[in-house]
Amino acid sequence: MVCLKRYVVSELATDITVIVGDVKFYLHKFPLLSKSAHLQKLVTDHNDEIYIPDIPGGSVAFEICAKFCYGMTVTLNAYNVVAARCAAEYLGMHETMEKGNLTYKIDVFLSSSIFRSWKDSIIVLQTSKALMPLPEELKLVSNCIESIAVKASSDVAKVDWSYTYNRKKLPEENGNDPNWNGIRNRSVPKDWWVEDLCELEIDLYKRVIASIKIKGIVPNNVIGEALKAYAYRYLPGFSKGVLQCGDLPKYQSAVATIVWLLPAEKGSVSSSFLSKLLKACIVLASGDETKEELIRRIGQQLEEASVNDLLLRAPEGEAMYDVNTVQKIVEVFLLQDHNTEIESLEEGSELQEARGPGILSDATKLMVAKLIDGYLVEIAKDSNLPSVKFINLAEMVSGIARPSHDGLYRGIDMFLKEHPGISKSDRKRICKLIDCKKLSAEACIHAVQNERLPLRMVVQVLFFEQVRASTSSGSSTPELPKGVKDLTSGSHGSSRSGTTPEEEWDAVTMAEELKALKGELASLRLAAGGGGGGGGGGGGSEKAALSKMKGLLKSKKLFTKLWSSKGGYGENSGSDSSESLGSGNQEEAKSTPSRNRRHSVS
């Protein structure tokens, strides 16, 4: 190994050789031994040649200490001061050896210069990392953290615009603004310090943010913005929601730390940011504790989320999306009301009246219901999604009243389209969630032509459209047939022995009744499609379709037949699904356009 050599220019011959790494220093004993207790001991043990392989900062730091011993000028800055201080500590250059020794001089420099500078405090904190644990023992790290936290918590009015070394300069600072009069009028933002701290490693960053939070001066939303900026900088691909897994333990630690640092206040960070963290947890296979905390936080502000925020990729299996996690999020949201109701009951009825039944407003619940409706549309496109997951999620928000069920109808229709093999019981269960009275005219037009819906729902849509038409025209509302009453009210009573209204719906109608209904629906389809393309046609075709629907609905004979028939049922003459409308004889299929060709807006 080739060793570099360092000599002291002096008339006196050197009498000691100090070897540090690959550098040999030819020095004199007296100036060194008068200031260093450790060198005194080494000379006693090893005479004229000393090996110092483990001095902090290596040969560069030792050279600073040696120059100080000779009384030479030593240049200290934020980049070398930690190494110099640790080396001086290692060599025992304390006040007990000589007044004004190197450790004292460096400590004065740190407190009078370094810790007063925002930029230098961050640099010193960064350089301390490589020299641990000595900087920690010397309290250099804690002093830097305190300095940074104090400055970040200071009044922005007292912060000079040249606060940060990590931002892009303004035009006037570059001398490129011809209108600049030398006075800075731009105000300093509250998050002026955020970008600079992104340079820190995650363990030091955690301590700095924790210190800032403890002081309680910086607003929680600014803390949240700082965490977001750090995640975007530290985690590759995080901003796009597609994390690039490199150093897995490093990124797992970063995500867990960021989640741990999140302010407790609801709304401190956006649902979008929380969702990105949750997606990162799933990709990185982070611990359950971190994941559960994110699920809790997202659930508490679910109304702020978007559909894209909930589209979590399933970690494994055939399904595309992680619906189970979304169900947990919705549970957290709904439990907010439930828990508040319990608290109110425990505290007394008087307080309950003052606080109301829960903390969630109707508007908040409606936003979540619409959000889940949109989410159902997206996950319905996954043909591998088990029907039970879709149905369970849809049922979770079924108790939330919304003025329109068009979104829910669209999601259910999409699911039925992508899952043609769904069981008859599941089809009934899922379609019961739709309130036909809350479908728009456009949705009703689509529903009565939808081959994927059960026949009972098609008839129900037809009837309630008649009720709406009668109400708007001022005429008397038609009487609701008993079967429809039982179905819409959820009653399971029946005048027939051993049967229920739903079984009546599932019973096979007479061939001529199916033929009549099929002909009417086919005519309706033709009227709706006259404008060219179903729901996408012009206003004239839509009006024609509505007019035809009203004409169909005004005939109570059709409904009477459907509900009052007691005979003529055959085992294979029809089915529960509206697909049975196209199951007549071949001649009928030729003369009546098939519902399979009808336009679908899903």
Side-chain angles (χ1 to χ4, degrees), residues 54-58 61 64-65 76-96 101-155 158-159 163-166 191-220 222-223 226-227 229-230 233-234 250 253-254 256-264:
D54 55 350
I55 184 171
I64 292 174
C65 295
L76 294 176
N77 54 49
Y79 293 95
N80 65 9
V81 68
V82 177
R85 178 64 180 85
C86 291
E89 185 69 23
Y90 176 88
L91 294 173
M93 300 176 71
H94 301 123
E95 290 293 279
T96 55
N101 212 340
L102 185 56
T103 55
Y104 171 77
K105 296 280 189 181
I106 294 178
D107 287 342
V108 171
F109 174 69
L110 286 167
S111 59
S112 63
S113 178
I114 296 296
F115 295 147
R116 292 189 177 187
S117 167
W118 168 259
K119 171 183 174 180
D120 290 344
S121 295
I122 295 176
I123 295 173
V124 166
L125 190 57
Q126 288 176 300
T127 57
S128 299
K129 179 77 174 177
L131 299 168
M132 293 293 190
L134 195 52
E136 194 76 71
E137 296 170 2
L138 297 174
K139 297 186 178 180
L140 298 179
V141 174
S142 59
N143 287 335
C144 279
I145 291 173
E146 177 64 16
S147 171
I148 294 170
V150 168
K151 291 174 176 59
S153 303
S154 60
D155 186 353
K158 299 178 181 179
V159 178
Y163 48 83
T164 172
Y165 67 96
N166 199 38
D191 62 348
W192 61 266
W193 50 270
V194 165
E195 292 293 334
D196 286 344
L197 296 190
C198 292
E199 301 296 327
L200 297 174
E201 289 294 322
I202 187 63
D203 54 343
L204 294 175
Y205 182 82
K206 175 182 180 180
R207 294 176 62 181
V208 171
I209 296 298
S211 181
I212 294 174
K213 289 175 65 178
I214 288 174
K215 295 187 181 303
I217 298 175
V218 177
N220 285 326
V222 177
I223 298 291
L227 296 173
Y230 190 83
R233 177 79 67 87
Y234 197 82
K250 174 183 176 182
S253 174
T257 299
I258 292 171
V259 173
W260 183 82
L261 289 170
L262 289 172

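The structure presented is a predicted model; accordingly, all values stated were derived computationally and were not measured.
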For Leu125 and Val208, what are the C-alpha separation, side-chain angles and deciding distance, and is it a side chain to side chain contact (heavy atoms under 4.5 Å, CB included)? CA-CA 10 Å; Leu125 190 57; Val208 171; 3.8 Å; yes
I'd like to know whether Trp193 forms a side chain to side chain contact (heavy atoms under 4.5 Å, CB included) with Trp118, so could you lay out the CA-CA distance, the side-chain angles of the two residues, the decisive distance to 0.1 Å, and finally the verdict. CA-CA 9 Å; Trp193 50 270; Trp118 168 259; 3.4 Å; yes
Side chain to side chain contact (heavy atoms under 4.5 Å, CB included) evaluation trace for Phe115 with Phe109: CA-CA 9 Å; Phe115 295 147; Phe109 174 69; over 6 Å; no
Please evaluate residues Tyr79 and Val124 with respect to the criterion side chain to side chain contact (heavy atoms under 4.5 Å, CB included), reporting the C-alpha separation (whole Å), side-chain torsions for both, the decisive distance (0.1 Å), and the verdict. CA-CA 6 Å; Tyr79 293 95; Val124 166; over 6 Å; no
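Considering Val259, Thr257, Ile258 in turn, Thr257 is the only one that fulfils the side-chain contact (heavy atoms from CB on, under 4.5 Å) rule with Leu261.
Residue Lys215 qualifies as enclosed at atom NZ: its count of foreign heavy atoms under 6.0 Å is above 12. Residue Tyr104 qualifies as open at atom OH: its count of foreign heavy atoms under 6.0 Å is 12 or below. The 12-atom threshold is not exceeded at NZ of Lys105, counting heavy atoms of other residues, nucleotides or ligands nearer than 6.0 Å.
At least one donor-acceptor pair closer than 3.5 Å links the side chain of Asn101 to the backbone N or O of His94. Checking side-chain atoms of Tyr230 against main-chain N and O of Leu200 turns up a donor-acceptor pair under 3.5 Å. Remark: side-chain polar atoms of Ser153 are not paired, donor with acceptor, to backbone N or O of Val150 under 3.5 angstrom. Between the Ser211 side chain and the Glu146 main chain, no donor and acceptor come within less than 3.5 Å of each other.
With respect to Arg85 and Asp107, a salt bridge is recorded, a charged nitrogen being found less than 4.0 Å from a carboxylate O. Glu136 has a carboxylate O that lies under 4.0 Å from a charged side-chain N of Arg207, or vice versa, which qualifies the two as a salt bridge.
Side-chain contact between Glu195 and Arg233 is present, with at least one heavy-atom pair separated by less than 4.5 Å. In this structure the side chain of Val81 never reaches within 4.5 angstrom of the side chain of Asn77, judged on heavy atoms. Lys119 places none of its side-chain heavy atoms less than 4.5 Å from the side chain of Asp196.
A side-chain N or O of Ser147 and one of Lys151 form a donor-acceptor pair less than 3.5 Å apart.
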